[in-house]
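This report refers to the structure that appears directly beneath it.
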Amino acid sequence: MEIFITEDYGQMSRKAAEIIAAQINSNSSSVIGFATGSTPVGTYKELIRMNSEGSLDFSGVTTFNLDEYFPIKGDDPQSYRQFMYENLFSHINVNKNNVNLLNGEAEDWEKEAAEYEEKIKRAGGIDLQILGIGNNGHIAFNEPAESFSRWTSLIKLTQDTINANARFFGKEEDVPKKALSMGIGSIMAAKKIIMLVSGKSKADAFSKAFYGDITPQVPASVLQFHQNVTLVADKEANF
Ligand code: F6R
């Protein structure tokens, strides 16, 4: 595991963007797994800057996102689909046919989940997966549980996560109570993983995940078993 501790959020974002750019520059048809949330927004701004300056080309890249609320309409401003277009996809030269997002309006979530896994396989697997971490140690929407989930499935969000995400919805009652999420198995199958961690509020989860026991009660702790993880954390997140 490679660990970079940066001075602040800005430096974390630049470092993360450099690592993602290096992946795409070494293989222009890379398959990149993207995350939503506050943490990667600065990284996405850097990627947009590199793309607009001509030093990074997304035209051959395929993307998969980790998760989506369920149910939620694709044009709901709080959907992760909208988030990704607003914060990244609308501003870079990615081929929109190569953008893969879970459908929060799917009639049959099991079919949606199975097809998503199949698409990842057909694309050759994820070359680089970007992750954030929840205050409770979740990755994607894999919440603390009795066992590690395997593949993409429908997840019941914990009250912790609902509270943390209420900031985007205005009030807690409006936060969807479920989400479609790639599973721990899908994430662990990525060839490389980069995790971004920022701020004091993540210090506890960060320390439990990487210096504590490997347990489904701290889903991110499973990353200790992955062969190629890079952590980019700012000083505040580093307990
Ligand atoms: C989002 C996701 C979540 C977030 C995590 C941290 O796609 O998978 O696991 O990475 O909840 O969110 P922020 O960055 O908002 O603190």
When you compare the side chain of [Y] with that of [X], does any pair of heavy atoms fall below 4.5 Å?
X    : Y    : value
S38  : R167 : yes
F141 : N165 : yes
I20  : I24  : yes
F225 : I214 : yes
V229 : M1   : yes
I184 : P219 : yes
N27  : D127 : yes
E105 : I72  : no

Distance-only side-chain donor-acceptor flag, [X] / [Y], under 3.5 Å:
X    : Y    : result
E46  : S13  : no
T161 : N163 : no
Q82  : D75  : no
D160 : N135 : no
N93  : D57  : yes
R14  : T6   : no
K192 : Q129 : no

Looking only at atom types and distance, does a side-chain atom of [X] sit under 3.5 Å from a main-chain N or O of [Y], one as donor and one as acceptor?
X    : Y    : answer
N95  : V61  : no
K96  : F89  : yes
N25  : A21  : yes
S79  : G74  : yes
H226 : A190 : yes
Q224 : A209 : yes
N100 : T63  : yes
N142 : H138 : no
T39  : G132 : no
Q217 : P144 : no

Do the side chains of [X] and [Y] join up, straight or via other hydrophobic residues, at under 4.5 Å, putting them in one cluster?
X    : Y    : value
M195 : L66  : yes
I92  : Y85  : yes
I126 : L101 : no
L88  : V94  : yes
Y9   : V197 : no

How about [atom1] on [X], more than 12 heavy atoms from neighbouring residues, nucleotides or ligands closer than 6.0 Å, or not?
X    : atom1 : answer
D213 : CG    : no
E107 : CD    : no
R150 : CZ    : no
E53  : CD    : yes
K200 : NZ    : no
Q159 : CD    : yes

Pairwise distance [atom1]([X]) to [atom2]([Y]) - rounded to 0.5 angstrom:
X    : Y    : atom1 : atom2 : value
I5   : D234 : CD1   : CG    : 8.5 Å
M50  : K45  : CE    : NZ    : 14.5 Å
L231 : I194 : CG    : CD1   : 9.0 Å
K178 : I162 : NZ    : CD1   : 11.0 Å
T152 : E110 : OG1   : CD    : 12.5 Å
K15  : L196 : NZ    : CG    : 12.5 Å

What are the two closest non-hydrogen atoms of [X] and [Y], and how far apart are they?
X    : Y    : answer
A205 : G134 : CB-O, 3.4 Å
Y116 : L102 : CG-CD2, 3.5 Å
S198 : K202 : O-CG, 3.4 Å
S147 : P216 : C-CB, 3.6 Å
E86  : S90  : N-OG, 4.5 Å
A220 : I139 : CB-CG2, 3.8 Å

message: Could you walk me through whether I48 and N51 satisfy the side-chain contact (heavy atoms from CB on, under 4.5 Å) test, starting with their C-alpha distance in whole Å, then the side-chain angles of each, then the deciding distance to 0.1 Å, before giving a yes or no?
response: CA-CA 5 Å; I48 293 167; N51 186 234; 5.7 Å; no

task: Carefully, step by step, assess K235 and D8 under the rule side-chain contact (heavy atoms from CB on, under 4.5 Å).
output: CA-CA 6 Å; K235 248 180 10 197; D8 54 24; over 6 Å; no

Audit row: I130, I32, side-chain contact (heavy atoms from CB on, under 4.5 Å) steps and yes/no: CA-CA 8 Å; I130 302 159; I32 308 288; 4.0 Å; yes

query: Can F34 and Y44 be said to form a ring-ring contact (aromatic ring centres under 6.0 Å, His included), step by step?
result: CA-CA 10 Å; F34 284 98; Y44 296 165; 5.6 Å; yes

- prompt: Can E68 and R81 be said to form a salt bridge (charged side-chain N to carboxylate O under 4.0 Å, His left out), step by step?
  reply: CA-CA 7 Å; E68 178 60 285; R81 174 177 296 271; 5.1 Å; no

task: Just grab all the salt bridge (Lys or Arg N to Asp or Glu O under 4.0 Å) pairs involving residues 113-125, residues at least two apart or on different chains.
output: K111-E115

Stepwise side-chain contact (heavy atoms from CB on, under 4.5 Å) test for S221 and L223: CA-CA 5 Å; S221 64; L223 297 174; over 6 Å; no

- request: Taking the six-membered ring for Trp and the full ring for Phe, Tyr or His, determine whether the centres of Y69 and F169 are under 6.0 Å apart.
  value: yes

